[in-house]
Protein chains: 2
Amino acid sequence: MGERHAFDSDQRTAWRAYVRGSALLREALNRDIEAQSGMSLNEYEVLERLAEAPGGSVRMAALADGLVHSRSRLTHTVHRMESRGLVERRACEADGRGVYCVITPLGEETYDAAEPGHAASVQAYVLDRLTPDELDVLGRVMGRIAADLSGEGTPRAGYLAERVG
Amino acid sequence: MGERHAFDSDQRTAWRAYVRGSALLREALNRDIEAQSGMSLNEYEVLERLAEAPGGSVRMAALADGLVHSRSRLTHTVHRMESRGLVERRACEADGRGVYCVITPLGEETYDAAEPGHAASVQAYVLDRLTPDELDVLGRVMGRIAADLSGEGTPRAGYLAERVG
DNA sequence: AAATATCAACTGAAGGTTCAACTGAACTGT
DNA sequence: ACAGTTCAGTTGAACCTTCAGTTGATATTT
């Protein structure tokens, strides 16, 4: 006994810091954006994707994948945003099954109003606190994790055996 | 025009990688733990805190703060876990307002069964992918962010002006 | 060309989270 | 001791997400 935990102490400390820090960070960003614009961070992120896309328009599936949301979740979120006039749905000419989510003028306005505040929060909570080297490492490391995890779409049960066991 | 974004390109790239990576990571860990133990990552984290605490017992408020959950959310979560026999509530002698959340034998059993799988996921998705130096930087950086953000409890509107403006 | 499988998206119900309001306990100042 | 305030936790309704199942469109196979 005594050996209660799987990782060594340094790994454990770092991992705990990550879990807590990432939770606090998302909470703080969400709090700020709701206070300033009355919209949630999730909704902001939808608008951000659309605002950056050519034509302000992205296919539902691409949006869901980009945001790491389920299709169903995105459908509901977009429905609510649509009813508030922030986005619109448009049929996809090329693929009869497809639907474009398109940002409206009101959506752009709302995004433009929220963006500086959100950027200031990210700056204050993250960018100002890190040296350029640290930011570089953080970006590389999280990018690598993201790349490894992208495209692992809902695998069948037991897949872990292939990766881990 | 042209100057659409607040941060420079490197900062932007790193931040985007962080946002996407952290979302994918939490999703993957949640998926694994649900597949293996039928409980959510949130519930696992509650059991983890309790299992590590002396007496398997933690005050509700401390648990909520530690997990970065609202009090209300924790109340509901603990209620559901209680009804499945994983935890119990006990009155706090010292403070008449206080309530202890205590892990049950079944809770410990459930935690012990889930812990190796979760550790394997963390190992596979994170620890195995990072050099010791990278892990060190990740831990330091996220620990710093967490420390800065801890104790910023729901501040009044306009507080950002103090920090950012 | 028909049958089958797969895919994009939607739907409604169930489950989880948030929000505002509430209870009762503990401080604070008078 | 009293009134007012703050604190710990709960409650229920509103809101959001998940899950399983459905629809209609595209691929694939024969």
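Sequence lines set the chain letters: A, B, ... in the order given, protein chains first and strands last, and positions in each chain run from 1.
- Rounded to an integer number of Å, the gap from NE2 of H69(B) to C1' of dT17(C) is 10 Å.
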* Run the numbers on E88(B) and R90(B) for salt bridge (Lys or Arg N to Asp or Glu O under 4.0 Å), then give the verdict. => CA-CA 7 Å; E88(B) 279 173 11; R90(B) 261 208 258 290; 3.3 Å; yes
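- The nearest whole Å value for the distance from the CG atom in L74(B) to the P atom in dT18(C) is 11 Å.
- Ring planes of Y18(A) and Y18(B): perpendicular class, angle over 60° (limits at 30 and 60°).
- Atom C1' of nucleotide dA9(C) and atom CZ of R73(A) are separated by 17 Å, given to the nearest angstrom.
- Contact annotation: N42(B) side-chain N/O to dT17(C) OP1/OP2 distance is under 4.0 Å.
- Residue-level contact check: T77(B) touches the backbone only, with heavy atoms under 4.0 Å from sugar-phosphate atoms and none from bases.
- When the side-chain nitrogen and oxygen atoms of R80(B) are compared with OP1 and OP2 of dG16(C), one or more of them lie within a distance under 4.0 Å.
- Of the two residues contacting DNA chain D, namely R97(A) and H76(A), the nearest-nucleotide position lying further toward the 5' end is that of H76(A).
- Among the heavy atoms of the strands lying under 4.0 Å from S72(B) is at least one base atom, whether or not backbone atoms are also near.
- With the nearest nucleotide of DNA chain C identified for both T75(A) and E43(B), T75(A) has the one nearer the 5' end.
- Residue R26(B) contributes atom CZ, which lies 15 Å from atom P of dT17(D) at whole-angstrom precision.
- E34(B) comes within 4.0 angstrom of sugar-phosphate atoms only, judged by non-hydrogen atoms across all strands, and of no base.
- Counting non-hydrogen atoms under 4.0 angstrom, R71(A) reaches the backbone sugars and phosphates but no base.
- As rounded to whole Å, 16 Å separates atom P of dT18(D) from atom CD1 of I33(B).
- There is a side-chain donor-acceptor pair under 3.5 Å between S150(A) and R20(B).
- A salt bridge links R26(A) with E45(A); the closest basic N to acidic carboxylate O contact falls under 4.0 Å.
- Nucleic acid contact class of R59(A) (heavy atoms, under 4.0 Å, all strands): sugar-phosphate only.
- Regarding D65(A), its CG atom lies at a distance of 13 Å from the C1' atom of dA9(C), rounded to whole Å.
- Note: CE (M81(B)) to C1' (dT17(C)) measures 16 Å, nearest angstrom.
- In this structure, L63(A) and L67(A) have side chains that are in contact, with non-hydrogen atoms separated by less than 4.5 Å.
- Taking atom CD of residue E27(A) and atom C1' of nucleotide dT17(C), one finds them 13 Å apart after rounding to whole Å.
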